[in-house]
Amino acid sequence: MTLPKTSQSNNRRNTAKPTGAPVSTKETRDGKEITLYQVPDPWNDSFWKNDVAGQNSRKQVAEEMAAVYTLAVGSMGVLGTHLSDACEAFKNFAESKVDDMSADDVTTDMMKAVFGKALDILKDLLPGTEGMSTLAKFLYEGIQDGVRSLLEYPASNLGAIDKDAIKKAIRDLAEAGRKLKMQWYTATPGGEPNQQLVPLQKLSDVVSRLMANLKTNNRRGMYMDEWEFLETFVSTEVDERAALLDHFYGVPSSKSSKLIALKLFKHIARRFSKVYAWGAASTRDKLQHSQKELSKIPAMENKFFSEAIVAYLP
């Protein structure tokens, strides 16, 4: 899901595959000669051939743009499913482990460190770059908000800490994952009332305007984000689009979604391993650990984490 540091337009030209005989130029980059293809211009007479063909071609391109948006909706559903599965897997592994703990020395701050401090991991989960377009940045922030709400929900419900409260926080995480999955998975590409996919709303607006301009042959009415989107996806193969959405717009492909979910699981498991080890340790080990002396606590943390990963991975 990492966006490139090089210019968006150069990367698009090198990725998109125009139909017919493409116009290409040679360029040296990083000491290597590469071929840059000129993406077909939907308003170029030589591309449309004649008025009738042009009208039909513009209609086809408009349908392709709608298909890209539909794919983005599906990709968000896949991401929500993977994130939900990661939260559910953590619940299935960790809930029973709480019985090995004593909650007397577990504090609210320790629990919030597991679930509440989401901002410091979002950039690791969803890496972006300064080169993101305005539209890509909007999509990126929308996905960030979803993951942030996922992690902050358990912390917002914390009360007095005991074993039941710890188990509830773990179950709340799984519940938040299911809610996020439903929000992202059940959204419709048409943006029907109460089913709009909020992170993709601006993308929906861009595609709708772009389709209208294509159908009415209104090139002058296009905004830059519409033109950039068109330039990225015109004349691309179906199997390319998920990679392009991931690469340029931060909408994760299925492969990226699996990696994001794994990172989320590892983050939660690693942080909770510290709470578990502290709660399950003897008074002597806690004292030694506090005085920076050798104790069993680091080994208990590592054991919890490694067993969690084994339980999560297929």
Side-chain angles (χ1 to χ4, degrees), residues 1 73-101 106 108 110-127 140-159 161 163-187 197-199 250-277 279 301 304-314:
M1 178 170 180
V73 173
S75 296
M76 289 294 293
V78 171
L79 175 59
T81 299
H82 283 310
L83 292 174
S84 177
D85 289 348
C87 296
E88 188 70 23
F90 179 75
K91 180 188 78 71
N92 293 339
F93 174 78
E95 190 174 5
S96 63
K97 298 289 186 180
V98 177
D99 292 332
D100 300 334
M101 301 168 56
V106 177
T108 301
M110 292 172 68
M111 292 298 295
K112 285 186 175 180
V114 178
F115 301 112
K117 298 180 180 178
L119 292 177
D120 58 343
I121 69 157
L122 288 177
K123 290 184 179 179
D124 291 333
L125 289 175
L126 309 168
Y140 174 81
E141 291 173 353
I143 297 173
Q144 271 195 332
D145 288 342
V147 180
R148 183 186 295 112
S149 66
L150 176 70
L151 284 169
E152 291 180 343
Y153 179 74
S156 66
N157 294 330
L158 282 173
I161 301 299
K163 286 187 179 183
D164 288 339
I166 296 173
K167 289 182 178 181
K168 183 178 183 301
I170 294 171
R171 291 194 296 268
D172 282 349
L173 177 69
E175 177 62 23
R178 286 189 289 271
K179 288 181 178 179
L180 182 69
K181 172 184 174 180
M182 292 302 293
Q183 289 174 2
W184 288 358
Y185 189 79
T186 61
L197 192 55
V198 176
V251 179
S253 64
S254 179
K255 182 178 179 180
S256 293
S257 293
K258 289 181 181 179
L259 180 59
I260 291 168
L262 174 60
K263 287 182 177 180
L264 177 66
F265 183 90
K266 290 172 72 174
H267 160 79
I268 299 169
R270 174 57 76 187
R271 288 195 167 184
F272 191 80
S273 71
K274 299 181 182 299
V275 178
Y276 168 80
E301 291 178 13
F304 179 97
F305 181 73
S306 61
E307 289 179 350
I309 297 300
V310 170
Y312 176 72
L313 295 176

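- Between K274 and E301 there is a salt bridge, since a side-chain N of the basic residue sits under 4.0 Å from a carboxylate O of the acidic one.
- Taken to the nearest 0.5 Å, the CZ atom of R271 stands 12.5 Å off from the CE atom of M111.
- Without hydrogens or angle criteria, S273 side chain to R270 main chain gives a donor-acceptor distance under 3.5 Å.
- Interatomic distance, D85 CG to R178 CZ, rounded to the nearest 0.5 Å: 10.5 Å.
- For NZ of K266, the number of neighbouring non-hydrogen atoms (other residues, nucleotides, ligands) closer than 6.0 Å is 12 at most.
- A heavy-atom distance below 4.5 Å is found between the side chains of I166 and F272.
- Looking at heavy atoms from C-beta onward, V251 lies out of side-chain contact with L79 at the 4.5 angstrom threshold.
- Nearest heavy atom pair, residue K97 against residue Y276, reads O-CE1, 3.5 Å.
- With contacts defined as side-chain heavy-atom distances shorter than 4.5 Å, the pair W184/T81 does not qualify.
- More than 12 heavy atoms of other residues, nucleotides or ligands sit less than 6.0 Å from atom NZ of K163.
- The structure places SG of C87 at 12.0 Å from CD1 of I170, a figure rounded to the nearest 0.5 Å.
- Side chains of S254 and H82 form a contact here, defined as non-hydrogen atoms less than 4.5 Å apart.
- V78 places none of its side-chain heavy atoms less than 4.5 Å from the side chain of K258.
- Contact between V106 and I161 at its shortest, heavy atoms only, is O-CG2, 3.4 Å.
- For the pair F90 and L264, the minimum side-chain heavy-atom distance is 4.5 Å or more.
- Taken to the nearest 0.5 Å, the CD atom of Q144 stands 11.5 Å off from the OG atom of S149.
- Residues P252 and I143 form a side-chain contact, since some pair of their non-hydrogen atoms from C-beta on lies under 4.5 Å apart.
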Practice task
Evaluate the criterion ring-ring contact (aromatic ring centres under 6.0 Å, His included) for residue pair F93 and F304; output intermediate values, then yes/no.
Solution key: CA-CA 10 Å; F93 174 78; F304 179 97; 5.1 Å; yes
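- Side-chain contact between K168 and R171: present, with at least one pair of heavy atoms (C-beta onward) separated by less than 4.5 Å.
- Salt bridge status for R148 with D145: present, with a side-chain N to carboxylate O gap under 4.0 Å.
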Problem - Intermediate values then yes/no, side chain to side chain contact (heavy atoms under 4.5 Å, CB included), L259 and K263 - result: CA-CA 6 Å; L259 180 59; K263 287 182 177 180; 4.1 Å; yes
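- The two residues A261 and A86 come nearest to each other via the heavy atoms O-CB, 3.7 Å.
- From M76, atom CE reaches atom CG of L180 across 7.5 Å, with rounding to the nearest 0.5 Å.
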